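Throughout, a chain's letter reflects where its sequence line sits, starting with A, and its residues are numbered from 1. These numbers come from a predicted model, not from an experiment.
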There are 2 protein chains.
Amino acid sequence: MVTNGEHLAAKFFDRGDVFDPDCPTRLILDRIGDKWTVLALLLLSKGPLRFTELRDGIGRVAPKVLTQTLRRLERDGLISREVFAEVPPRVVYTLTPMGESLITPIRAVSDWAEEHVPAISAAQNSYDLDNA
Amino acid sequence: MVTNGEHLAAKFFDRGDVFDPDCPTRLILDRIGDKWTVLALLLLSKGPLRFTELRDGIGRVAPKVLTQTLRRLERDGLISREVFAEVPPRVVYTLTPMGESLITPIRAVSDWAEEHVPAISAAQNSYDLDNA
DNA sequence: CGGGATCCTACTCGATACTG
DNA sequence: CAGTATCGAGTAGGATCCCG
């Protein structure tokens, strides 16, 4: 990953630096920026869900996109995917312990967002009026 | 962890409408998902900064993109933009009270991210090996 | 110094059809 | 049911140049 620079040691043994352009922390922030990732995690915070249950809970999502989202989360170790060899097939997604530990921070953000929707809308209207 | 998937969506709707496809909360989550928004906010949490200071602090970011980010934040009422009629010109960006109230939640997320970078990298490597 | 204007690439997301 | 395959569109982000 990091190939040069004096901060190499710090990067390796410290927690990392969000402001370093090469810091992998950016990758996590990018995940959260995904359109459905946060929603999927919040849905799963209440318990394991099947593919269709996630799709219905999220709303309008192309199956391809939902699969991409879930695969990424699985690769990151945030959720686990369990396949049951039945007919019809059944696949259950579950938060891993690490995934569960993410719930509190992202819920804090989404709670903030819901709380401040009116204030932000007002600010936007005001801004648009001043720049009409 | 209790599993009761039937009325999952209903429970979530009780505490908000994040899962409503048309909910404006999505807009805030999308903003946070922007590539530089969180970084800019965290930088500004230490005090007012000029355009160039933000650019240098963030790293490699095209001025056009940084301007877009800052304009959006200003429109949302999260930061304020103050222009000084001097030569050379000076523009200072400052967090508004509402912007400051966002710092705690997003710092919680970024702290989580920095903490779990090693675990996530390990999970990714393991996943990639199993699917080689 | 702090952008605005312009052009371009990449990637995400979406819709639809099909399958083990 | 739980995806995969394919095609296509919209847009955030990037590179570069220029101006008050």
**Student:** Do B/Glu114 side-chain atoms and B/Asp111 backbone N/O form a donor-acceptor pair below 3.5 Å?
**Tutor:**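 No.
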
**Student:** Counting only side-chain heavy atoms from C-beta out, which of D/dA2, C/dC13, D/dG14 sits nearest to A/Val91?
**Tutor:**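 Comparing D/dA2, C/dC13, D/dG14 against the side chain of A/Val91, the answer is D/dA2.
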
**Student:** Taking only N and O in the side chain of A/Arg50, is any of them less than 4.0 Å away from OP1 or OP2 of D/dA2?
**Tutor:**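 Looking at the OP1 and OP2 atoms of D/dA2, one of them is under 4.0 Å from a side-chain N or O of A/Arg50.
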
**Student:** What is the distance, rounded to the nearest whole Å, between atom CZ of B/Arg55 and atom P of D/dA15?
**Tutor:** 13 Å

**Student:** Given C/dA15, D/dG14, C/dG2, which nucleotide is nearest the side-chain atoms of B/Pro89?
**Tutor:** C/dG2

**Student:** I'd like a list of close polar pairs between nucleotides 4-7 of chain C and the protein, N/O only, cut-off under 3.5 Å.
**Tutor:**
residue : atom : partner : partner atom : Å
C/dG4   : OP1  : B/Arg71 : NH2          : 2.7

**Student:** Nearest whole Å is fine: how far is D/dT11 P from B/Trp36 CH2?
**Tutor:** 21 Å

**Student:** Write down the distance between CG (A/Asp30) and P (C/dT12), rounded to a whole number of angstrom.
**Tutor:** 9 Å

**Student:** Measure the distance from CD1 on B/Ile32 to P on D/dA12 and round it to the nearest whole Å.
**Tutor:**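 So the CD1-P distance, B/Ile32 to D/dA12, works out to 16 Å.
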
**Student:** If every non-hydrogen atom of B/Leu54 is compared with every non-hydrogen atom of B/Ala40, which pair is closest and at what distance?
**Tutor:** CD2-O, 4.2 Å

**Student:** Heavy atoms under 4.0 Å, any strand shown: does B/Tyr93 hit a base, just sugar-phosphate, or nothing?
**Tutor:** sugar-phosphate

**Student:** Take the protein atom CZ of A/Arg26 and the nucleotide atom P of D/dA12, then report the distance between them rounded to whole Å.
**Tutor:** 19 Å

**Student:** Could you state the CG-C1' distance from B/Leu49 to C/dG3, rounded to the nearest angstrom?
**Tutor:** 17 Å

**Student:** According to ring-ring contact (aromatic ring centres under 6.0 Å, His included), does anything in residues 46-105 of chain A pair up with another residue at least two apart or in another chain? List the pairs.
**Tutor:**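 Non-adjacent pairs meeting ring-ring contact (aromatic ring centres under 6.0 Å, His included): zero.
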
**Student:** Return the minimal non-hydrogen interatomic distance between A/Leu42 and A/Ser110, and the atom names on each side.
**Tutor:** CD1-OG, 4.1 Å

**Student:** Can you list every pair that meets ring-ring contact (aromatic ring centres under 6.0 Å, His included) and has a residue in residues 109-132 of chain A, with sequence neighbours left out?
**Tutor:**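 Those involving residues 109-132 of chain A are A/Trp112-A/His116.
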
**Student:** Please confirm whether the backbone N or O of B/Val117 pairs with a side-chain atom of B/Ser121, one donor and one acceptor, at under 3.5 Å?
**Tutor:**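 Side chain of B/Ser121 to backbone of B/Val117: a pair is present.
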
**Student:** Using whole Å, report how far CZ of A/Phe84 lies from C1' of C/dG20.
**Tutor:**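 Answer to the nearest Å: 19 Å.
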
**Student:** I want to check one thing: is the phosphate of D/dG13, taken as OP1 and OP2, less than 4.0 Å away from some side-chain N or O of B/Arg72?
**Tutor:** yes

**Student:** Over how many whole Å does the gap from A/Leu66 atom CG to D/dA2 atom C1' extend?
**Tutor:**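 Distance, rounded to whole Å: 10 Å.
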
**Student:** What closest approach, in Å, do A/Ile79 and A/Thr96 show between heavy atoms, and which atom pair accounts for it?
**Tutor:**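 The answer is C-CG2, 3.6 Å.
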
